[in-house]
Protein chains: 2
Amino acid sequence: MTNSTGASESQPAAPVRRSREEQRAATRGRLLEAAGEVFAERGFYGASVEEITERAGFTRGAFYSNFETKADLFLAVLDAHIERDRQLVTDVLARDPSANAFFELLKQRSAGVRESGETQRWALLWAEFWLHVMRNPELAPKLAERQAGVRAGIAEMVERQCATFGITLPLPAEHLAAVMLAVDDGLRLQESLDPTSVPSDLRARMIMVLFQGLAASSRR
Amino acid sequence: MTNSTGASESQPAAPVRRSREEQRAATRGRLLEAAGEVFAERGFYGASVEEITERAGFTRGAFYSNFETKADLFLAVLDAHIERDRQLVTDVLARDPSANAFFELLKQRSAGVRESGETQRWALLWAEFWLHVMRNPELAPKLAERQAGVRAGIAEMVERQCATFGITLPLPAEHLAAVMLAVDDGLRLQESLDPTSVPSDLRARMIMVLFQGLAASSRR
DNA sequence: GTCTATATAAAGATAGAC
DNA sequence: GTCTATCTTTATATAGAC
């Protein structure tokens, strides 16, 4: 904690100092990545600090100089994922004004493309975080904000698509987005237990049925 | 393990023997109930055998004479819930030929009736079981079978309702049931993090939109 | 900043008394 | 069949060397 230099943090620093910060960030990054894997594989309690640090190529000592506790690390992993997702949503929105990529994504998923290992890992992590939040309600806003971001992204896509096809929605796009997100999450839960329970084209067909119903509603 | 009587299990036994079996069943039941609560509150790892047995009014000794390990108890809790749900589905189907109770249930939920403590507990338990199954794939069929039962129950209700209104489904009722179950589960996940994110009448409205779309499809 | 060694605590499981 | 006492393992977290 003793810092002999009085330099402010925002000021560009001497090479030696920047190198140390980079090193620290690199260590943190490796620990965060390893933690994400082990937490997904074993759960919050099942994951031991030792296994995490070993997988990152360190020992426990290195860990405790970068994080306070295991719970601290757990929340840091969550924050990293939230930031990553937030960036991803805004990127897609900026790069795809016609909202085609969104429906392309849905079609791919509907076509039965098996989830990548990373997607599966994130599903496990998300369940861990959700349980953690349910038991620590003061953390709910953090996870809720991420979910709201995803929902808003979908809503924006839906609005663009509706504009393209001249559909007037009989309800706020945010609410429709909530349903579409729910269908995707809910079907994935069922698929995870039995892949044959959800036919590969069900998402695409349901989206179509949904929009047909909406069009029928708006024509009244 | 030494059993001095050679009587078969199905045969009515002497009072003293039946009493012991009842006592054993009662102990098991209390342990199972307490385990369900503690597993929901703290998770599989977070729950200690001591807290479970204490809540049931016993000590660890009583537990280890009824169950092999903590994991054994965990699976027994799951089995009890599966059996309970199976019974519930068949009961509803038998007692409600017109499928009104099912939609009444949906309407109640849509009307913003807050989940009971038991429902919330079951959601937590279900997440715990799901994670456990994801990490022990050989157990997947057990949970998948329960899910298939719920889905089949919904499908049966949908078919009855369609028969009543003369709707010809453009897809198997099981697939529509999967979507309806997905919407319910998915929306509950969103509600659990932020109750304001899902308006209270969204489920009911979506069901209507869905059936309007289906009717439009079937008229072609 | 990272490692080795260690203190401390908690929990799963067992043995034997009653 | 249940309880008390105990064994053993494992994991978090810390202290001090380098």
Side-chain angles (χ1 to χ4, degrees), chain A residues 1-5 13-35 38-39 41-77 128 132, chain B residues 1-5 13-35 37-39 41-77 128 132 136:
Chain A
M1 285 296 174
T2 57
N3 190 348
S4 53
T5 77
V16 54
R17 188 169 175 217
R18 178 151 154 64
S19 170
R20 276 191 190 162
E21 278 178 14
E22 272 179 357
Q23 170 109 6
R24 185 179 182 80
T27 301
R28 257 188 81 100
R30 280 164 67 190
L31 283 170
L32 282 174
E33 193 176 0
V38 180
F39 280 137
E41 288 171 17
R42 309 227 190 263
F44 176 71
Y45 279 98
S48 72
V49 173
E50 183 159 31
E51 184 170 358
I52 292 170
T53 53
E54 261 176 13
R55 191 170 305 196
F58 296 100
T59 57
R60 266 166 288 164
F63 167 76
Y64 282 105
S65 78
N66 281 280
F67 297 92
E68 293 276 320
T69 64
K70 188 167 88 160
D72 183 28
L73 172 65
F74 189 59
L75 292 180
V77 172
E128 288 291 333
H132 191 72
Chain B
M1 286 297 177
T2 58
N3 189 349
S4 52
T5 78
V16 54
R17 189 171 172 214
R18 178 150 154 64
S19 169
R20 277 193 187 159
E21 278 177 13
E22 273 179 358
Q23 169 109 7
R24 186 180 180 81
T27 302
R28 256 187 81 101
R30 280 164 67 189
L31 283 170
L32 282 174
E33 192 176 359
E37 293 176 14
V38 180
F39 280 137
E41 289 172 16
R42 310 229 190 261
F44 176 71
Y45 278 96
S48 71
V49 173
E50 184 159 30
E51 183 171 0
I52 293 170
T53 53
E54 262 176 14
R55 190 169 308 196
F58 296 100
T59 57
R60 265 167 288 165
F63 166 76
Y64 281 105
S65 79
N66 281 281
F67 296 92
E68 293 274 321
T69 64
K70 187 166 89 160
D72 183 27
L73 173 65
F74 189 59
L75 291 180
V77 172
E128 287 290 334
H132 191 72
N136 303 86

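Residue numbers begin at 1 in each chain, while the letters A, B, ... track the order of the sequences. Values in this document were obtained by computation on a predicted structure and should not be read as measured data.
- Between A:Arg24 and A:Ser65, the shortest heavy-atom contact is NH2-O, 3.4 Å.
- In this structure, the ring of A:Phe39 has its center less than 6.0 angstrom from the ring center of A:Phe74.
- Following rounding to the nearest Å, B:Glu51 (CD) and C:dG12 (P) show an atom-to-atom distance of 11 Å.
- The neighbour count for A:Glu33 CD, taken as heavy atoms of other residues, nucleotides or ligands under 6.0 Å away, does not exceed 12.
- At distances below 3.5 Å, not a single donor-acceptor pair connects side-chain atoms of B:Arg60 with backbone N or O atoms of B:Glu50.
- Taking atom CD of residue A:Glu54 and atom P of nucleotide C:dT2, one finds them 16 Å apart after rounding to whole Å.
- In this entry the distance linking CD of A:Gln23 with P of C:dG1 reads 9 Å, nearest Å.
- Listed in residue order, the members of residues 24-33 of chain B having a heavy atom less than 4.0 Å from DNA chain C come to none.
- Atom CG in B:Asn66 sits 11.5 Å away from atom OG1 in B:Thr53 (nearest 0.5 Å).
- Taken from CZ in A:Phe67 to CG in A:Leu31, the straight-line distance is 5.5 Å, to the nearest 0.5 Å.
- Here A:Tyr64 contributes atom OH and A:Asp72 contributes atom CG; the two are 10.5 Å apart, rounded to the nearest 0.5 Å.
- Every residue was checked against the salt bridge (charged side-chain N to carboxylate O under 4.0 Å, His left out) condition with B:Arg28, not counting sequence neighbours, and none meets it.
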Could you write nucleotides 5-18 of chain D as a row of B, S and -, 5' to 3', where a protein heavy atom under 4.0 Å of any base atom gives B, of only sugar-phosphate atoms gives S, and otherwise -?
-> -------BBB----
